[in-house]
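Computation of the quantities below employed the complete heavy-atom set of this structure, encompassing side-chain atoms and omitting hydrogens, waters and symmetry-equivalent molecules.
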Amino acid sequence: MKNVSALMCGILFGLGLALSGMTDTQKVIGFLDLFGNWIPDLAFVMGGAVLVTVLGYQLVAMIKRPVFDSEFHLPTKTIVDRKLVMGAVLFGVGWGLYGYCPGPAIASLAYLDSSSLLFLVSMASGMLILDRLEHSRHSQR
């Protein structure tokens, strides 16, 4: 049942990304173009996401455990380190250059667009390379 729940959440998330325009790279780049032809639509998407997040965290505080797990798995790290900052910078550069971040890139596979597939393969390759580098660095200690 846990996998079915995850699948349904993923489908809902992907539909939300598509309906909001987050899978339209030109709309995302237009949103990021504050001093040019700015497209403000995605500000409402972000506002809605913040609202749902605030309500979700309040709900988590009121209930003891999730339906399909024994506990909530909330972030515990509170330190802003070099790795977090560099990841945010790379995320922002990728988002600004092409108009996709990981979620919309995966959802865009439904369009069968070869440039989106190339972006996704490149993004996954970068993640795998970093994972290998981190793994080899930790095993050498």
Side-chain angles (χ1 to χ4, degrees), residues 1-36 38-141:
M1 190 63 183
K2 188 175 177 180
N3 290 339
V4 172
S5 175
L7 176 65
M8 296 307 295
C9 288
I11 290 170
L12 181 63
F13 182 66
L15 286 172
L17 290 172
L19 289 173
S20 68
M22 290 291 293
T23 58
D24 180 353
T25 58
Q26 294 307 308
K27 185 177 255 191
V28 173
I29 291 172
F31 172 72
L32 297 173
D33 187 7
L34 296 176
F35 303 108
W38 186 56
I39 302 172
D41 300 10
L42 298 183
F44 295 104
V45 175
M46 285 189 204
V50 168
L51 179 65
V52 168
T53 300
V54 167
L55 294 174
Y57 269 92
Q58 289 179 353
L59 178 67
V60 164
M62 290 189 294
I63 58 179
K64 293 182 182 179
R65 70 177 201 81
V67 176
F68 298 118
D69 205 342
S70 60
E71 65 181 298
F72 287 104
H73 302 275
L74 302 174
T76 57
K77 191 173 181 181
T78 58
I79 297 170
V80 176
D81 60 2
R82 182 178 158 273
K83 193 173 170 183
L84 175 66
V85 171
M86 291 304 297
V89 167
L90 288 172
F91 177 95
V93 168
W95 201 40
L97 287 175
Y98 190 67
Y100 275 158
C101 56
I106 293 168
S108 73
L109 289 176
Y111 302 137
L112 301 174
D113 179 40
S114 60
S115 60
S116 296
L117 180 61
L118 178 62
F119 176 85
L120 195 62
V121 167
S122 301
M123 180 183 71
S125 298
M127 290 174 172
L128 287 171
I129 290 168
L130 180 63
D131 185 58
R132 297 285 182 189
L133 290 172
E134 288 286 317
H135 182 72
S136 67
R137 196 170 90 193
H138 286 296
S139 65
Q140 291 176 356
R141 289 183 181 177

> Looking at side-chain heavy atoms only, is the closest gap between S122 and L118 below 4.5 Å?
Replying inline: yes

> Between CD1 of I29 and CD of Q26, what distance do you get to the nearest 0.5 Å?
Replying inline: 5.0 Å

>> Could you tell me if S116 and Y111 have a donor-acceptor pair between their side chains, going purely by distance under 3.5 Å?
In response: no

>> Just verifying a value: how many Å separate D113 CG and T23 OG1, rounded to the nearest 0.5 Å?
In response: 10.5 Å

> Between the side chain of Y100 and the main-chain N/O of G94, is any donor-acceptor distance below 3.5 Å?
Replying inline: no

> If you draw a 6.0 Å radius around CZ in R65, do more than 12 non-hydrogen atoms from other residues or ligands fall strictly inside?
Replying inline: yes

Result block: side-chain N/O donor-acceptor pairs under 3.5 angstrom for residues 41-58, not counting sequence neighbours:
from : atom 1 : to  : atom 2 : distance (Å)
D41  : OD2    : K27 : NZ     : 3.1
T53  : OG1    : A49 : O      : 2.8

Determine all donor-acceptor pairs shorter than 3.5 Å in which one atom belongs to a side chain in residues 68-77; sequence neighbours excluded.
from : atom 1 : to  : atom 2 : distance (Å)
D69  : OD2    : H73 : NE2    : 2.8
K77  : NZ     : D81 : OD2    : 2.9

>> Would you compute the distance between atom CG of L133 and atom CG of L128 and round it to the nearest 0.5 angstrom?
In response: 11.0 Å

>> I need the I106 CD1 to M123 CE distance, nearest 0.5 Å.
In response: 5.0 Å

> Between atom CG of L32 and atom CG of L97, what is the distance when rounded to the nearest 0.5 Å?
Replying inline: 10.5 Å

> Taking atom CG of D24 and atom CG of L17, what is their separation to the nearest 0.5 Å?
Replying inline: 12.5 Å

> Would a distance-only check, ignoring hydrogens and angles, find a side-chain to backbone donor-acceptor pair under 3.5 Å from W38 to F31?
Replying inline: yes

> Mind checking whether W95 and F91 have parallel, tilted or perpendicular rings, split at 30° and 60°?
Replying inline: tilted

